[in-house]
Amino acid sequence: MSILFKNINSLVTVNSEGALYKVGEQMQDIGEIKNGAMIVSDVIEWIGETSDLGDIISHYNIDQEIDLNGKTVLPGLVDSHTHLVFGGNRSAEFGMRLRGATYAEIAEAGGGIQTTVNATRKASVEELAEVGRGLAMSAAKYGTTSMEIKSGYSLTIEGEIKQLEAIRHLSETLPLRITPTFMGAHDFPKELKGDRNSYIDQIVNEMIPYISENKLAEFNDVFVDKGYYTTDEGTRVLEAGKKYGLMPKAHCDELADVGAATMAANSGAISADHLLFVSDEGIANLKNAGTVAGLLPGTAYFIKMPYAPARKLIDSGVITAIATDCNPGSCFTENMQTIMSLSVINMGMTAEEAISAATINGAYSVRKSHEVGSLEIGKKADFIICNCADYVDIFYHFGINHVEQTWINGKQII
Ligand code: NIG
Ligand code: FE
């Protein structure tokens, strides 16, 4: 049984002709079909212009027709970087920041990630899953259909497993497609700040083997930055994960240029995220390694830092994605439309580039672009219906929610 959607004013397919990502000029081509139509089951069965439907309809078992005159359809948005499962909140610290304290100063005084670690350690799997469920379903209302979620707010073996179990629970019970990432190397636990190596030993010798064996994560992430992991420590964590089949990702050069992007490229990281202070050398190395630049403009906005050099990255041919980084400290939003708006206004991206970055390139950054991220025959029927007649309107009329319906696997979930 299939559903026919027709008379879609602007049907944005992000067609990649089978390619798994878009770079440079290709990001401008989002395969828009005016007055489009699509036939979907759990996957896209047919896609084209409404005027071309003709006899084609008779080849499908269509039991519902939906007229989308005046609407825009896009592939479901892919949020490829979140820390959605955590305890407590940092509203009080945010208030301090508004009075002048910086993100780094709060962290140095024992707050920041440590505040969330204290609260997350106390929370149960159920409590963590409840927080994640609320935020993930809220994200779906704003158009997210696929989402990566990291651990990293416990920094003990039991706690990291507890967070990953909460993430697994979400992927088993929510309609969204969820990619789990282990991030034991998000910070050092305060108990072991003076003995960094023994915590890294735990990550390498205990956490990674257990997590891999129990299939609790697909990726392994490390925060390589000023005051966090060094490039050597980052390399050790990522190489250990690779031995156990965990794909490498890294948080890079968010607070300062420490050469983290080059470290990520040399480790074969799938993505290097943040990059507010990435060097030209780092950009060249990302390009040569085919590592995705995961840009998180909400974080630059929220902690009042300079934005990542999106134009330079795209123009240099680096595969570029955008994501929320949703977390309680440095960027508390689950809304991908806000991120798309920040990308065009504050990072110099075009509307088309922002759409490519939030769909197919985000999907590539979590290694899911063979099945989602564009509307092409055979791919999953994950899409959103927006209440506007043209995709540019999503950016033009900002600060509101354009998403009327969210569909995953050919089923309406919002
Ligand atoms: O991606 N950069 C490191 N980690 C998070 C922030 C975590 C927090 O402040 O709780 C990030 O920005
Ligand atoms: Fe992050």
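Just follow the structure's listing: the first ligand is 1, and inside any ligand the first atom is 1.
- Under a 4.0 Å criterion applied to the non-hydrogen atoms of His81, ligand 1 contributes the atoms 1 (O).
- Among all protein heavy atoms, the one lying closest to atom 11 (C) of ligand 1 is Asp325 OD2, 3.1 Å.
- Polar contact check, Thr299 against ligand 1: no nitrogen or oxygen pair lies under 3.5 Å apart.
- The single protein non-hydrogen atom nearest to atom 3 (C) of ligand 1 is Phe223 CE2, 3.2 Å, given as residue, atom name and distance.
- Between Glu404 and Lys71, at least one side-chain nitrogen of the basic residue sits less than 4.0 Å from a carboxylate oxygen of the acidic one, meeting the salt-bridge criterion.
- Contact check on Glu148 versus Lys150 returns a salt bridge, with a Lys/Arg side-chain nitrogen under 4.0 Å from an Asp/Glu carboxylate oxygen.
- Contact of the Leu313 side chain with the Leu295 side chain is registered, since non-hydrogen atoms from C-beta on lie closer than 4.5 Å.
- Inspection of the environment of the Fe ion (ligand 2) yields the following protein N, O or S atoms under 2.8 Å: His81 NE2, His83 NE2, His251 NE2, Asp325 OD1.
- Of all the listed residues (Tyr228, Tyr103, Phe302, Phe86), Tyr103 holds the heavy atom that lies closest to atom 6 (C) of ligand 1.
- Residues Phe219 and Ile270 form a side-chain contact, since some pair of their non-hydrogen atoms from C-beta on lies under 4.5 Å apart.
- Between Phe86 and Phe332, the angle of the ring planes goes over 60°, which puts this pair in the perpendicular group of the 30/60° scheme.
- Aromatic ring centroids of Tyr228 and Phe188 lie 6.0 Å or more apart.
- Residue contacts with ligand 1: Ile113 is included, with a non-hydrogen atom under 4.0 Å away.
- Of all atoms in ligand 1, listed by their number and element, those nearer than 4.0 Å to a heavy atom of Tyr153 are 7 (C), 8 (C), 10 (O).
- By the 30° and 60° cut-offs, the orientation of the rings of His186 relative to Phe223 is tilted.
- Here side-chain hydrogen bond (donor to acceptor under 3.5 Å, both in side chains) pairs that include residues 36-48, with residues two or more places apart or in two chains, are Ser41-Glu45.
- The shortest distance between side-chain heavy atoms of Ile149 and Thr179 does not fall below 4.5 Å.
- The single protein non-hydrogen atom nearest to atom 4 (N) of ligand 1 is His186 NE2, 2.7 Å, given as residue, atom name and distance.
- Among protein heavy atoms, the minimum distance from atom 12 (O) of ligand 1 is reached at Ser330 OG, 2.6 Å.
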**OP:** Could you go through the salt bridge (Lys or Arg N to Asp or Glu O under 4.0 Å) check for Lys226 and Asp257 one step at a time?
**Re:** CA-CA 8 Å; Lys226 187 168 167 232; Asp257 172 25; over 6 Å; no

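- The distance from ligand 1 to the heavy atoms of His274 drops below 4.0 Å at these ligand atoms: 1 (O), 2 (N), 11 (C), 12 (O).
- Considering backbone and side-chain N/O of His251, one or more are found under 3.5 Å from N/O of ligand 1.
- Considering only non-hydrogen protein atoms, atom 2 (N) of ligand 1 sits nearest to Glu254 OE1, 2.5 Å.
- The cationic atom of Arg97 (NZ for Lys, CZ for Arg) lies less than 6.0 Å from the six-membered ring centre of Phe302 and within 45° of the ring axis.
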**OP:** Kindly indicate, with the supporting measurements, whether the criterion salt bridge (Lys or Arg N to Asp or Glu O under 4.0 Å) is fulfilled by Glu371 and Lys368.
**Re:** CA-CA 6 Å; Glu371 53 180 17; Lys368 300 288 187 304; over 6 Å; no

